[in-house]
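By convention in this document, chain letters (A, B, ...) are assigned in the order of the sequence lines, proteins followed by strands, and residues within each chain are numbered from 1. Quantities reported herein were computed from a predicted structural model and do not represent experimental measurements.
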2 protein chains.
Amino acid sequence: MTIRLTDKRKQILQVLKRQHGTMSVKDIHNKLPKIDQVTIYRSLDLFVKNKLIKEVHLGKEGMLYEYQTEPHHHAICDDCRKVRHFTAPDEKIKKLLGLEDFEVEEIEVIVKGVCKK
Amino acid sequence: MTIRLTDKRKQILQVLKRQHGTMSVKDIHNKLPKIDQVTIYRSLDLFVKNKLIKEVHLGKEGMLYEYQTEPHHHAICDDCRKVRHFTAPDEKIKKLLGLEDFEVEEIEVIVKGVCKK
DNA sequence: TAGTATATGCAAATCATTTGCAATTGCGAT
DNA sequence: ATCGCAATTGCAAATGATTTGCATATACTA
């Protein structure tokens, strides 16, 4: 099985790269109305499996996808629903967790609260 | 608006308390087949809003609910899908995050990887 | 105990995501 | 260049989780 970087896949990845943040399938479809939603779903799955992008659950609103230039975590405001990024040294988090008998592959921190502007 | 702790709600909460772990709506419904799923959905929403229980997303499989005697985080094995709990001092995590301008209400850490038994 | 607000069940709607299948396209071998 | 086949795409329909509308049942207050 080969993974072809077709034109549509390139477009989808491009949109995600430009966004600098999370997008839903709908968001992507709005930007690329000529590409079928199903194709977007399948492409995203493929990208996730190949670790080109990340998927995150930040609420009940369905899965979100994100191209990360550098790994980061998310804080979401309960009021305005805006998402903020923040970085934290994975190694230190790992140490805090102290998980024995577990081969850690990915750590995801989701912070909920209210942003005071 | 008053929150009535009706018999059905008590049963649902009871089931969650006994579980010591996450449950899906289906899981709960299996244990309490006489209570309609819709009632379970509505009760869980209510419990979450009143902070009696927590809801977590650990995968694509839909929302999970959990009664936590003490706050903890989750590690999920990509192979066996088993969920493990672990605690970590919130204060220290908060410090690592270094979120300015954000009123933190809840921190959720989700670890993905493989458990080596 | 009557009156009213809340809770419940059922059927149907909605929303995100997946699947089946037929048509199209990309790419390597000729 | 083009033939052939595997991978990709779109469309329609299926699935699965969750929500909504509404009529009935139940709990609490006066």
Heavy atoms from other residues, nucleotides or ligands near NZ of Lys49(B) exceed 12 (cutoff 6.0 Å): no

Asp79(A) and Lys82(A) ion-paired at < 4.0 Å: no

Closest nucleotide among dT19(D), dA16(C), dC22(D) to the Lys60(A) side chain: dT19(D)

Check: Arg4(A) main-chain N/O paired with Arg9(A) side-chain donor or acceptor under 3.5 Å: yes

Which nucleotide in dT17(C), dA7(C), dT18(D) has an atom nearest any side-chain atom of Arg9(B): dA7(C)

Gap between atoms CE and P, on Met63(A) and dT18(D) respectively (whole Å): 13 Å

Arg4(B) side chain, from C-beta outward: closest of dT6(C), dT17(C), dT8(D): dT6(C)

Gap between atoms CG and C1', on Leu46(B) and dT18(D) respectively (whole Å): 17 Å

Side-chain (Asn50(B)) to main-chain (Leu52(B)) donor-acceptor, under 3.5 angstrom: no

Arg84(A) versus Glu100(B), closest heavy-atom pair with distance: NH1-O, 3.4 Å

Nearest-angstrom distance from the residue atom CG of Leu5(B) to C1' of dA27(D): 13 Å

Integer-rounded Å distance: dT18(D) C1' and Leu64(B) CG: 14 Å

Rounded to 10 degrees, the angle between the two terminal axes of the helix from dT1(C)-dA30(D) to dT30(C)-dA1(D), each from five pairs: 30°

Phosphate-side-chain proximity, Thr6(B) and dT26(D), N/O vs OP1/OP2 below 4.0 Å: no

Side-chain (His29(A)) to main-chain (Ile35(A)) donor-acceptor, under 3.5 angstrom: yes

Nearest to side-chain heavy atoms of Ser43(A), which nucleotide of dT9(D), dA7(D), dT18(D): dT9(D)

Whole-Å distance separating the CZ atom of Phe47(B) from the P atom of dA7(C): 11 Å

Rounded distance in Å - NZ (Lys10(B)) to C1' (dT8(C)): 16 Å

Backbone of Thr39(B) reached by a side-chain donor or acceptor of Ser43(B) within 3.5 Å: yes

Value rounded to 0.5 Å, distance of OG1 in Thr22(A) from CD in Glu61(A): 10.0 Å

Euclidean distance, atom CG of residue Asp45(B) to atom P of dT8(C) [Å, nearest integer]: 13 Å

OP1 or OP2 of dT18(C) under 4.0 Å from side-chain N/O of Tyr41(A): no

Interface residues of residues 15-38 of chain A with DNA chain C (non-hydrogen, below 4.0 angstrom): Lys26(A), Val38(A)

Plane angle bin for Phe86(A) and His73(A) - parallel if under 30°, tilted between 30 and 60°, otherwise perpendicular: tilted

Protein-nucleotide distance (Leu44(B), atom CG; dT19(D), atom C1'), rounded to Å: 14 Å

